[in-house]
Amino acid sequence: MTELAHPPAETAEEIATIGHWIGGRPVRGTSGRSGPVFNPATGRQSGEVGFASVEEVDAAVAAAKEAFATWRAVSLSKRVDILFRIRELVHDRREEIARILTAEHGKVLSDALGEVTRGLEVIEFACGIPTLLKGGFSEQVSSGVDVYSIRQPLGVVAGITPFNFAAMVPMWMWPPAIACGNTFVLKPSEKDPSASLYVAELLQEAGLPDGVFNVVQGDKVAVDRILEHAEIAAVSFVGSTPIARYVYETGTRNGKRVQALGGAKNHMIVLPDADVDMAADAAVSAGYGSAGERCMAVSVVVAVGDVGDPLVDAIRERLPKVRVGDGLDPASEMGPLITREHRDKVASYLDKGRDQGATIVADGRKTAPDGDGFFLGVSLLDNVEPGTDCYRDEIFGPVLSVVRAETYDEAVGLVNENPYGNGVALFTRDGGAARRFQFDVEAGMVGINVPIPVPVAYYSFGGWKSSLFGDLHAYGPESIQFYTHGKVVTSRWPDPATSKVDLGFPQTR
Ligand code: NAD
């Protein structure tokens, strides 16, 4: 086997050994435990990723702890300097990052590039850290006494991330975390571990001191060590709801600050007055983009009143035009799923749906490309009943369900009764209905004629109910709160009578 910090994306015929990044250098895994990494478009194994032992996690935390003492003291202007260089390098190498994502995740290259771009926006947000960290000041609260507030970094913080956005979701976490002066230990998904190692190299090239950003690969052993390690102050998690709940409960029990973003079942409600073509375009884009493996994917279309038949017809017409294939082929619009097991599980919902009363309008098992890739074609179920498996479960694949509802109230009731509350969308021409909807609906991110309402980087991202455990959302202003402690200083000084002359231009570095 060849050892590489990150495997070549396209031509890997050999199986690359994928390790960790600790203290500014690649580290080969020594635990003796590992897992396979596949190219989902071909079904071939491309890598073998080492799973960290407790000692390997401890080594990463020790490197981060050592780096913290100096990193927190680096001036804001120097930190911004490094962040700008990180921004430039990630921007310049976005194509390379996207190719690594496509090779291990399977999403089409244009989608992978879009993912990197959304991550870049968070890096750009973090470049504004001097403004974001500004505190308050109250003069003369008492005679000769002033009060001011400051925000200080927590120390070593960790991120645990899912397979579906192997570059962007870590970028929701580490840019604000390190901009605030923390040091970071990332545990990426073991299914597509290489993008984080490539990014680690870029951060070093940008001048980030060794130990500020570390990567440990692994599974539950690494996650559990992160959750119990006394030197880790806070954990950001993104993944499925059962693991998010576990991470939140275990991490907080061990005294850590935790934000744990979970799964989703995103509804798109279409009112009778909606523009049917616009709604159908949106349903297809948001239902099948990235093969439905997005936490903000639309998985249920709720057709209200008589819009149901024309809407299902319009969606059905569009499906044969969706080109499914290898994500590196520029003609492909939708790639494979992440693993063979996941593809088979997703496909099983078609028979389950039919057995529980739904109509299979499009069966992706019949339209998947030939070969050993983990493909499933676009699939559509109509007349799905709430309470059935297809309606209840987060399928996380290219299976879109249509539920028919009589009224607006019935449709909103479905969303509000759902245990998840990540994203939701309403399609209508009626501004009054839209305004009522944003008031009524119980979800964290709401789209009005926008099917995937992922907030821009200067707002924060997060759902309600079982889609988020914790108080603060990811990135944006809430991330600055999450990654810092507040401190309030009350001060009194004797009047200064000293001063000196210095004609030099004031320096900050
Ligand atoms: P996952 O929960 O299986 O894995 C997420 C992380 O947890 C990975 O790093 C994994 O190694 C680790 N993990 C898995 N099982 C574990 C266990 N038993 N104990 C400890 N750690 C464990 O999620 P996934 O399959 O990688 O990603 C898909 C899920 O993530 C979907 O449910 C999707 O909705 C969700 N997601 C949510 C958001 C959001 O913002 N809410 C964003 C992206 C993905």
Side-chain angles (χ1 to χ4, degrees), residues 33-35 37 40 49-52 57 104-105 107 115 118-119 122 158-173 185-193 195-196 215-228 235-251 258-266 289-299 337-339 341-343 345-346 393-397 418-424 443-445 452-455 460-470 472-476 478-479:
R33 297 185 315 113
S34 62
V37 176
V49 58
F51 289 171
V57 175
E104 291 187 351
H105 175 280
K107 62 178 68 179
E115 163 177 356
R118 291 307 298 258
V122 182
I160 301 164
T161 52
F163 79 82
N164 66 326
F165 286 106
M168 181 186 78
V169 168
M171 286 178 194
W172 288 358
M173 302 172 182
V185 176
L186 174 66
K187 207 298 285 170
S189 169
E190 66 280 22
K191 299 193 177 92
D192 44 9
S196 294
V215 180
V216 287
Q217 310 289 359
D219 58 358
K220 184 169 164 52
V221 171
V223 171
D224 285 346
R225 183 59 186 153
I226 286 170
L227 295 177
E228 71 186 18
V235 176
S236 300
F237 172 90
V238 176
S240 60
T241 287
I243 312 297
R245 192 191 306 269
Y246 169 76
V247 165
Y248 183 76
E249 289 175 356
T250 313
V258 181
Q259 53 178 190
L261 283 68
K265 191 78 189 178
N266 304 312
S290 200
E293 290 176 324
R294 290 180 182 143
C295 64
M296 290 291 277
V298 166
S299 54
L337 285 103
I338 184 74
T339 59
E341 296 70 34
H342 185 56
R343 188 267 317 273
K345 183 174 175 213
V346 170
D393 296 353
E394 182 186 30
I395 299 176
F396 222 55
N418 199 278
Y420 297 109
N422 216 39
V424 66
M445 293 169 283
I452 306 186
V454 175
S460 296
F461 180 109
W464 288 13
K465 301 186 273 186
S466 293
S467 295
L468 177 89
F469 302 90
L472 293 169
H473 291 190
Y475 67 77
E478 295 188 36
S479 67

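Just so you know, ligand 1 is whichever comes first in the structure, and atom 1 is the first atom listed for that ligand.
- Remark: atom 7 (O) of ligand 1 lies closer than 4.0 Å to at least one protein heavy atom.
- Counting only heavy atoms from C-beta outward, the side chains of Glu478 and Gln259 never approach each other to under 4.5 Å.
- Taking every heavy atom of both residues into account, Ala244 and Ala260 meet most closely at O-CB, 3.4 Å.
- Applying the salt bridge (charged side-chain N to carboxylate O under 4.0 Å, His left out) test to Lys265 and every residue at least two apart in sequence or in another chain returns nothing.
- With respect to atom 19 (N) of ligand 1, the closest heavy atom belonging to the protein is Lys220 CG, 3.4 Å.
- With a 4.0 Å heavy-atom cut-off, ligand 1 is reached by no atom of Tyr420.
- Among Gly444, Gly239, Gly462, the residue whose heavy atom lies nearest to atom 35 (C) of ligand 1 is Gly239.
- For atom 27 (O) of ligand 1, the nearest protein heavy atom (residue, atom name, distance) is Pro162 CB, 3.3 Å.
- Under a 4.0 Å criterion applied to the non-hydrogen atoms of Phe461, ligand 1 contributes the atoms 39 (C), 40 (O).
- Checking each of Asp219, Asp224, Val223 against Val221 for a side-chain contact (heavy atoms from CB on, under 4.5 Å) leaves exactly one that passes, namely Asp219.
- Closest to atom 26 (O) of ligand 1 among all protein heavy atoms lies Phe163 N, 3.0 Å.
- Here the protein heavy atom with the shortest distance to atom 31 (C) of ligand 1 is Glu394 OE1, 3.5 Å.
- The shortest heavy-atom contact between Pro170 and Ala167 is CD-O, 3.4 Å.
- Contact of the His105 side chain with the Pro40 side chain is not registered, since no non-hydrogen atoms from C-beta on lie closer than 4.5 Å.
- Taking a 4.0 Å cut-off on heavy atoms, Asp219 fails to register as neighbouring ligand 1.
- Atoms of ligand 1 found under 4.0 Å from any heavy atom of Glu190, numbered from 1 in the order shown, are 10 (C), 11 (O).
- The protein heavy atom nearest to atom 1 (P) of ligand 1 is Ser240 OG, 3.7 Å.
- Looking only at heavy atoms of the protein, atom 21 (N) of ligand 1 is closest to Val223 CG2, 3.4 Å.
- The two atoms that bring Gly397 and Leu337 nearest to each other are CA-CD2, 3.9 Å, heavy atoms only.
- Looking at Lys220 and Phe51, their side chains never come closer than 4.5 Å, going by heavy atoms from C-beta outward.
- The residue among Phe396, Phe165, Phe237 with a heavy atom at the shortest distance from atom 33 (C) of ligand 1 is Phe396.
- In summary, the atoms of ligand 1 found under 4.0 Å from a heavy atom of Asn164, numbered by their order in the structure, are 43 (C), 44 (C).
- On a distance-only criterion, Tyr246 and ligand 1 share no N/O pair closer than 3.5 Å.
- For atom 15 (N) of ligand 1, the closest non-hydrogen atom on the protein side is Ile243 CD1, 3.6 Å.
- For the ring-ring contact (aromatic ring centres under 6.0 Å, His included) test, no residue two or more places apart in sequence or in another chain qualifies with Tyr246.
- Every atom of ligand 1 with a heavy atom of Trp172 under 4.0 Å away is listed here by number and element: 40 (O).
- In the vicinity of Cys295, heavy-atom distances shorter than 4.0 Å reach the ligand 1 atoms 34 (O), 36 (N), 37 (C), 38 (C), 39 (C), 40 (O), 42 (C), 43 (C), 44 (C).
- In this structure, atom 37 (C) of ligand 1 lies nearest to the protein heavy atom Gly262 O, 3.1 Å.
- Side-chain contact check for Val454 versus Phe461: some heavy-atom pair is nearer than 4.5 Å.
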